[in-house]
Number of protein chains: 2
Amino acid sequence: MAKVTLQTIADRLGVSRATVSYAFSRPDQVSAELRRRVMEVADELGYAGPNPTARSLRLGRAGALGLLFSETLAYAFADPYAVGFFQGLATAAEDAGVGLLILPLPHGDKRTEPVRNAVVDAFCVVSLPDGHPALDEVLGRKLPVVVVDEPYVPGHPFLGIDEPAAGALAARHVLELGHRRLGVAMVGLHDDGHIGWADVARQRAATFEAMRGRRDGYQAAAEEAGVDWAGVPFYELSRNSREAGRQAGHALLARSPRPTAILTNTDVLALGVLDAAADLGLDVPGELSVVGFSDSAAQDAGLTTIRQAKQEIGAEAGRLLLAGAPARPERLLFPHSLIVRASTAPPPLERH
Amino acid sequence: MAKVTLQTIADRLGVSRATVSYAFSRPDQVSAELRRRVMEVADELGYAGPNPTARSLRLGRAGALGLLFSETLAYAFADPYAVGFFQGLATAAEDAGVGLLILPLPHGDKRTEPVRNAVVDAFCVVSLPDGHPALDEVLGRKLPVVVVDEPYVPGHPFLGIDEPAAGALAARHVLELGHRRLGVAMVGLHDDGHIGWADVARQRAATFEAMRGRRDGYQAAAEEAGVDWAGVPFYELSRNSREAGRQAGHALLARSPRPTAILTNTDVLALGVLDAAADLGLDVPGELSVVGFSDSAAQDAGLTTIRQAKQEIGAEAGRLLLAGAPARPERLLFPHSLIVRASTAPPPLERH
DNA sequence: CCTGCCTCCTTAATCAATTAAGACCTTAAT
DNA sequence: ATTAAGGTCTTAATTGATTAAGGAGGCAGG
């Protein structure tokens with residue numbers, strides 16, 4: 001079965017290729033009778049319709065939006081925050097009738113061919129660490145780009161929240177409740193797979209801008225309240241999973257003196273910290289307060305968290321990229337808010 | 001800024017287009033010195049690299065896998081079963097270095113251009129109702145296709161579980177515990193948005209093959225145990241959400257006599273039924289048993305459910321499509337198993 | 001009969017690359 | 001001096017479509 005193209009059909013009918021093309025894509029340009037015959041022959045020969053790649057080439061549009069995640073896809077789909085963002089973006093893509101091309105970025109691997117070869121009209125970059133090679137590759141494509149959450153790339157629209165402000169809001173909440181012995185569990189600061197305590201220098205050196213900003217907010221609020229940040233135990237994770245959160249929880253809760261409030265930068269991590277507290281028979285919020293982030297998995301667990309407009313961000317990213325006119329390079333900050341649920345309360349009274 | 005192509009660079013350097021192409025894609029075919037100059041000029045002119053569409057056309061490979069869902073994307077991402085499947089497929093795509101092109105299929109709309117124009121090497125179709133127009137469109141593309149869950153398309157590989165057997169397994173579990181008054185809540189039977197009671201005729205006429213099979217399993221097990229199926233209240237939903245499950249739960253639990261066991265075809269629905277039970281102050285499993293499906297959201301809630309190998313199915317689908325050699329059109333059934341947790345128990349004793 | 005206007009179709013340029021085959025020059029071996 | 005072998009670049013065919021411009025024929029109106 002040789003390849004069937006427009007030309008094959010044209011030859012069969014003794015007409016020109018152009019005519020066959022018109023029969024498919026502009027029926028009014030061709031007599032009904034001939035069109036019928038074209039379709040008949042196409043059917044007979046098993047023609048698969050105008051080749052989309054050739055069509056794309058000629059028309060100069062790919063009909064797809066490229067999507068880049070730092071994490072492997074398997075992991076990205078597991079993160080409720082990412083899923084929320086996806087939903088928003090997908091809705092925008094749907095409205096525009098374009099596909100969403102999800103590009104894999106294998107972990108350590110530096111293969112960026114998928115980005116170089118992606119047949120897309122624009123890129124949406126989500127949470128790439130500072131200086132990730134794929135980002136250069138994307139910018140090299142000279143297509144419209146928006147960046148979500150991180151990193152900020154001058155000259156392209158940026159969508160996200162005011163991370164330091166959001167972090168400070170979370171921290172201030174427990175500080176205002178009276179907590180002074182804080183603990184922090186964070187994921188997504190570095191790319192190196194490190195798990196364990198992180199000192200202030202390492203915290204500051206985080207390669208992921210958004211998380212770095214979030215942490216800066218924690219610290220600023222703590223210092224504002226007179227808490228010495230260097231004394232705050234800070235546990236770093238490499239995977240955003242409930243199990244990882246539990247591990248961090250155990251590490252933090254084993255400290256003496258034990259923290260009375262733990263800040264986490266994802267809800268999933270916070271759930272794990274709650275697991276750890278349960279393991280130790282600690283009452284939440286009586287003996288321990290826990291704050292999550294994103295309001296992605298928090299509701300059922302009664303978790304206090306920071307809500308961010310995931311879906312709105314995704315939808316707006318899609319809209320910017322599909323609008324036709326190139327978007328102005330603005331820094332668009334979306335609202336966030338503190339959602340107080342049942343995982344935070346004033347600290348237990350000190351014993352004397 | 002005019003368009004920059006290989007030719008632009010070639011003209012600038014007074015060499016042929018072929019040479020420039022070689023400089024980019026086969027460095028060993030060109031002297032180091034010339035290659036350096038090519039790169040220099042490319043940089044200077046702001047060349048974005050070989051056009052992926054043209055490249056795709058020439059090479060005859062798109063570097064992407066098309067993915068089709070019946071649901072809108074926003075909804076698909078919200079379903080934990082779908083997410084699990086995604087993860088498996090994404091991993092396979094990642095390994096092969098190809099992208100995943102997610103194609104939108106707007107709800108009622110019959111626009112199938114996205115499928116016609118998708119630049120992909122193969123399609124993976126997931127859970128399309130019988131006779132969905134997009135399926136014809138996909139088959140018309142004459143590319144490799146695998147179908148997951150439904151519908152079965154002769155001539156193409158099919159991946160899924162033995163739905164009637166899995167359904168029967170779920171039903172048999174509660175029947176063996178002694179339940180005789182069953183209730184059923186199902187989603188994804190029809191495409192018409194109907195919410196409410198469904199009689200046997202309507203149940204049988206379901207356009208989604210997998211769910212139809214699952215239901216057949218329920219009925220077979222019930223009749224095997226001597227339960228009259230026509231007397232089993234059957235509530236149909238159009239959305240797979242916790243809230244929908246709650247609605248179905250209330251409808252079913254308001255029946256007299258009240259069912260002692262409720263079968264649902266998704267875990268999310270089952271959670272909603274548990275909510276309804278809680279609303280009514282019913283003890284689960286003391287007064288009511290609930291069975292979910294998929295083991296996607298069941299663990300934390302202690303839900304008895306049927307586990308299916310979501311990720312494995314996704315991974316295998318990817319492998320089949322990316323293997324190079326066309327896959328044999330087999331019906332691949334993956335294992336499923338009953339996971340008994342805390343939501344099922346023998347029915348309460350009858351009062352006299 | 002001539003003109004103008006449709007309708008239907010063809011011609012040919014264009015989109016932006018890849019790559020087998022061949023030309024040309026230099027160097028090394030016989 | 002002759003031949004072979006490399007290295008470097010060019011020629012030209014190929015991938016599969018879209019579409020502006022133009023031509024041929026039919027038909028109506030002046």
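Scope of the values below: all heavy atoms of this structure, side chains included, with no hydrogens, waters or symmetry mates. In what follows, chains are A, B, ... by sequence order, proteins preceding strands, each numbered from 1.
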[N] [atom2] sits how many Å from [X] [atom1], rounded?
{"X": "Gln29(B)", "N": "dA17(C)", "atom1": "CD", "atom2": "P", "result": "19 Å"}
{"X": "Arg26(B)", "N": "dA20(C)", "atom1": "CZ", "atom2": "P", "result": "6 Å"}
{"X": "Asp28(B)", "N": "dC9(D)", "atom1": "CG", "atom2": "P", "result": "12 Å"}

Task: Donor-acceptor pair (no angle test) under 3.5 Å: Arg58(B) side chain, dT15(D) base - done: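 Answer no: no donor N or O sits under 3.5 Å from an acceptor.
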When you compare the protein's N or O atoms with those of nucleotides 22-28 of chain C, which come within less than 3.5 Å of each other, and at what distance?
none

TODO: Would you indicate what Phe24(B) reaches in the nucleic acid, counting non-hydrogen atoms under 4.0 angstrom: base, sugar-phosphate, or nothing?
DONE: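 Here Phe24(B) touches no strand at all.
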TODO: State, without any angle test, whether Ser56(B) and Thr53(B) hold a side-chain donor-acceptor pair at a distance under 3.5 Å.
DONE: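 Short answer, no.
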Task: Arg55(A) vs dT18(D): side-chain N/O to OP1/OP2 distance below 4.0 Å - done: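 Result: yes.
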Open item on the list: Strictly below 4.0 Å: does Tyr22(B) bring a side-chain N or O up to OP1 or OP2 of dT11(D)?
Closed with: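 So the side-chain polar atoms of Tyr22(B) never come under 4.0 Å of the phosphate oxygens OP1 or OP2 of dT11(D).
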Task: Counterpart base for dT30(C), defined by Watson-Crick or G-U wobble contacts under 3.5 Å - done: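 dA1(D) is the nucleotide pairing with dT30(C).
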Residues [X] and [Y] bridged, charged N to O under 4.0 Å:
{"X": "Glu150(A)", "Y": "Arg212(A)", "result": "no"}
{"X": "Glu40(B)", "Y": "Arg37(B)", "result": "no"}
{"X": "Arg141(B)", "Y": "Glu137(B)", "result": "no"}

Open item on the list: Minimum heavy-atom separation for Phe334(B) and Ile161(B), please, with both atom names.
Closed with: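 Of all heavy-atom pairs spanning Phe334(B) and Ile161(B), the closest is O-CG2, 3.6 Å.
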Task: Residue pair Leu101(A) / Ala64(B): nearest heavy atoms and the distance that separates them - done: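 So the minimum-distance heavy-atom pair works out to CD1-CB, 3.8 Å.
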Open item on the list: By nearest atom, which of the nucleotides dT19(C), dA17(D), dC9(D) is closest to the Val30(B) side chain?
Closed with: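 Of dT19(C), dA17(D), dC9(D), dC9(D) is nearest to the side chain of Val30(B).
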Open item on the list: Measuring from the side chain of Leu34(B) (C-beta onward, heavy atoms only), which nucleotide among dT18(D), dC9(D), dC9(C) has the closest atom?
Closed with: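 Of dT18(D), dC9(D), dC9(C), dC9(D) is nearest to the side chain of Leu34(B).
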Open item on the list: If you count heavy atoms of other groups shown closer than 6.0 angstrom to CZ of Arg12(A), is the number above 12?
Closed with: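 It does not: Arg12(A) CZ has 12 such atoms or fewer within range.
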TODO: Give a yes or no on whether Arg331(A) atom CZ has more than 12 heavy-atom contacts from other residues, nucleotides or ligands under 6.0 Å away.
DONE: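 Above 12, so yes.
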- [ ] Would you jot down, in residue-number order, the residues of residues 13-21 of chain B having a non-hydrogen atom under 4.0 Å from DNA chain D?
- [x]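 Result for residues 13-21 of chain B: Gly14(B), Val15(B), Ser16(B), Arg17(B), Ala18(B), Thr19(B), sorted by number.
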TODO: State yes or no: are the ring centers of Phe86(A) and Phe86(B) separated by less than 6.0 Å?
DONE: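 Centroid distance Phe86(A)-Phe86(B): not below 6.0 Å, so no.
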